[in-house]
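So you know, we letter chains A, B, ... as the sequences are listed, proteins then strands, and number each from 1. Note that the coordinates shown come from a computational prediction; the quantities given were computed from them, not determined experimentally.
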Protein chains: 2
Amino acid sequence: MDMIINRLSHYADIGATQFQTLSSLSHRIETRQAGEDIVIEGEVVDYVFIIESGWAIRYRLLDDGRRQIMNFMLPGDCFDLMSLTKSASDHNVSAASEVVLRRIKATDFFNAIRGDSCLSLAFWWVAIQEEAILREQIVRNGRLSAKERLGNLILELNRRLSISTGRQDNSVAIPVTQNHLADALGLSSVHISRSMGKLSREGYIAVESWGIQILNRDALAEMAEFDDRYLQTPKLSF
Amino acid sequence: MDMIINRLSHYADIGATQFQTLSSLSHRIETRQAGEDIVIEGEVVDYVFIIESGWAIRYRLLDDGRRQIMNFMLPGDCFDLMSLTKSASDHNVSAASEVVLRRIKATDFFNAIRGDSCLSLAFWWVAIQEEAILREQIVRNGRLSAKERLGNLILELNRRLSISTGRQDNSVAIPVTQNHLADALGLSSVHISRSMGKLSREGYIAVESWGIQILNRDALAEMAEFDDRYLQTPKLSF
DNA sequence: CGGCCCATTGAGCCAGTTCAAAAAGGGTGG
DNA sequence: CCACCCTTTTTGAACTGGCTCAATGGGCCG
């Protein structure tokens, strides 16, 4: 709950009232082990999920088993805001690490939001940012080299995590395998390992067992063509 | 105007009232030559644009000149529905062929929509579909081979065009260069030419000067892993 | 007819892949 | 605390899809 509140506070003036509205929504807390499904392709979803901890992935499987991860969903992210329309999902969502979710009936959620223009605005921003993240993924995978892609993704994850924890720091604890990174970046896991080594040898990052330490953010950002403007969302009011 | 109405009719029961509401919105019709900008990165946009004819592209340029096209915008498409938030655009939009646009003040547009639940629903669907198209682009460019990517894109364009013209047919008139296709698919233009030749030699398509004729849709769809469910949006009401 | 833009073709190259094997963790049960 | 197993990461070697560079060909317009 903290995570999502931190995020929303970036977009609008969230106060005790809004906190109250959100936390009083009837919900269920559920845990999924790494690899377990959350939403299956074709399923009609009428829930909104908020990730409390762990990382989830949104992905598609091709006929021959190839997998493309569209994006990572981190603590404080919510989906599917589009579920109001009760349409069949065209992709899967599953837990990439152990994940704890808050599950809220879509109708309840939207009724609560509708009544509070401040919350509406904040979730409107959430949707805009989600789309910006998708666009960024297209650019990353379309025109960057392996080293650039990985560096760029590391910076995005760091930035997003720091928004929802509210703490700026230079590390990214990565609870998923290199295979996940590979399927997100359109590369092979072997090449992720090699690129990780290269970024490390060149002094951009330090690779630890729990994740990554960013050693030289500016140099990394420049090399990886990372510009975090797409994650910055000025606070405005209606 | 026909195009957008055709599209919206797929999502909700658009009638004379809605047509009236949309067409009475004060607007300007503008023409852009191929290559001219429509929205520049960093600019704050407070207009909603509807494409009347021609194709536009949404893209990003990297420091060294590499370009990634995020998606093509076809007649009947509208952008930026997100402009209500008055934030700086994180990408460019420009005309890929000669384009005729209808430009509407964002506030007017949203006020008109707000008052009509049927139109609200229809534009809500437009936004959902836009996001689905972005996700599809990620899968295409992330995990498909050149031949598959091109085939897949051809089918998407055909499908989208047939929704807005209201006429199902097996051709795609392509008003943009192979360079545009290359920058959309994350390939080189040379390789687009080769892949086009291959698709043609293998009997999937016929390449004409004005565009492409789809000769064997089913085989092409299977080969290119194309499943048009993401473009289908059941008609529902609130 | 000449110029320009775009598409096509050929040849060589390279980033990233595949396959395979070894090394490093990280539980779990005895 | 050790022994074992299973998953993940790392490394090596050979291969290949798509790239680059460069030349040729076609269409269209003035």
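Closest approach of B:Ala95 to B:Gln33, counting heavy atoms only: CB-O, 3.4 Å.
For A:Phe123, the ring-ring contact (aromatic ring centres under 6.0 Å, His included) test picks out A:Phe109, with sequence neighbours left out. Residues satisfying the salt bridge (Lys or Arg N to Asp or Glu O under 4.0 Å) criterion with A:Asp37, sequence neighbours excluded, are absent altogether.
Rounded to an integer number of Å, the gap from A:Glu148 CD to C:dG16 C1' is 14 Å. Note: NZ (B:Lys198) to C1' (C:dT9) measures 14 Å, nearest angstrom. For the pair B:Trp210 CH2 and C:dA7 P, the computed distance is 15 Å after rounding to whole Å. Atom C1' of nucleotide C:dC6 and atom CE of B:Met196 are separated by 12 Å, given to the nearest angstrom.
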Give every donor-acceptor pair under 3.5 Å between a side-chain atom in residues 187-195 of chain B and any protein atom, sequence neighbours left out.
| residue | atom | partner | partner atom | Å |
| --- | --- | --- | --- | --- |
| B:Ser188 | OG | B:His191 | N | 3.2 |
| B:Ser195 | OG | B:His191 | O | 2.8 |

Exercise for the section: Could you please spell out the steps behind the side chain to side chain donor-acceptor pair (under 3.5 Å) verdict for A:Gln232 and A:Arg229? Expected result: CA-CA 5 Å; A:Gln232 293 181 342; A:Arg229 258 178 305 168; over 6 Å; no

Exercise for the section: Please step through side-chain contact (heavy atoms from CB on, under 4.5 Å) for the pair A:His27 and A:Ile50, ending with a clear verdict. Expected result: CA-CA 10 Å; A:His27 64 271; A:Ile50 296 175; over 6 Å; no

Practice task
Could you run through nucleotides 15-30 of chain D and give me one letter per nucleotide, 5' to 3': B if any protein heavy atom sits under 4.0 Å from the base, S if only the sugar-phosphate is that close, - if neither?
Solution key: ---BSBB---------

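Here B:Arg143 pairs with A:Asp183 in a salt bridge; the nearest charged N to carboxylate O distance falls below 4.0 Å.
When each of A:Phe72, A:Phe49, A:Tyr47 is tested with A:Phe79 by the rule ring-ring contact (aromatic ring centres under 6.0 Å, His included), just one qualifies, namely A:Phe49. Among B:Leu101, B:Val126, B:Ile104, the one residue that satisfies the side chain to side chain contact (heavy atoms under 4.5 Å, CB included) test with B:Cys78 is B:Val126.
Rotation axes derived from the C1' atoms of the five outermost pairs at either end of the helix from C:dC1-D:dG30 to C:dG30-D:dC1 lie 40° apart, to the nearest 10°.
Using a 4.5 Å heavy-atom cutoff, the side chains of B:Asn71 and B:Glu136 are not in contact.
The stretch residues 175-184 of chain B comes close to DNA chain C through B:Thr177, B:Gln178, each having a heavy atom under 4.0 Å from the strand.
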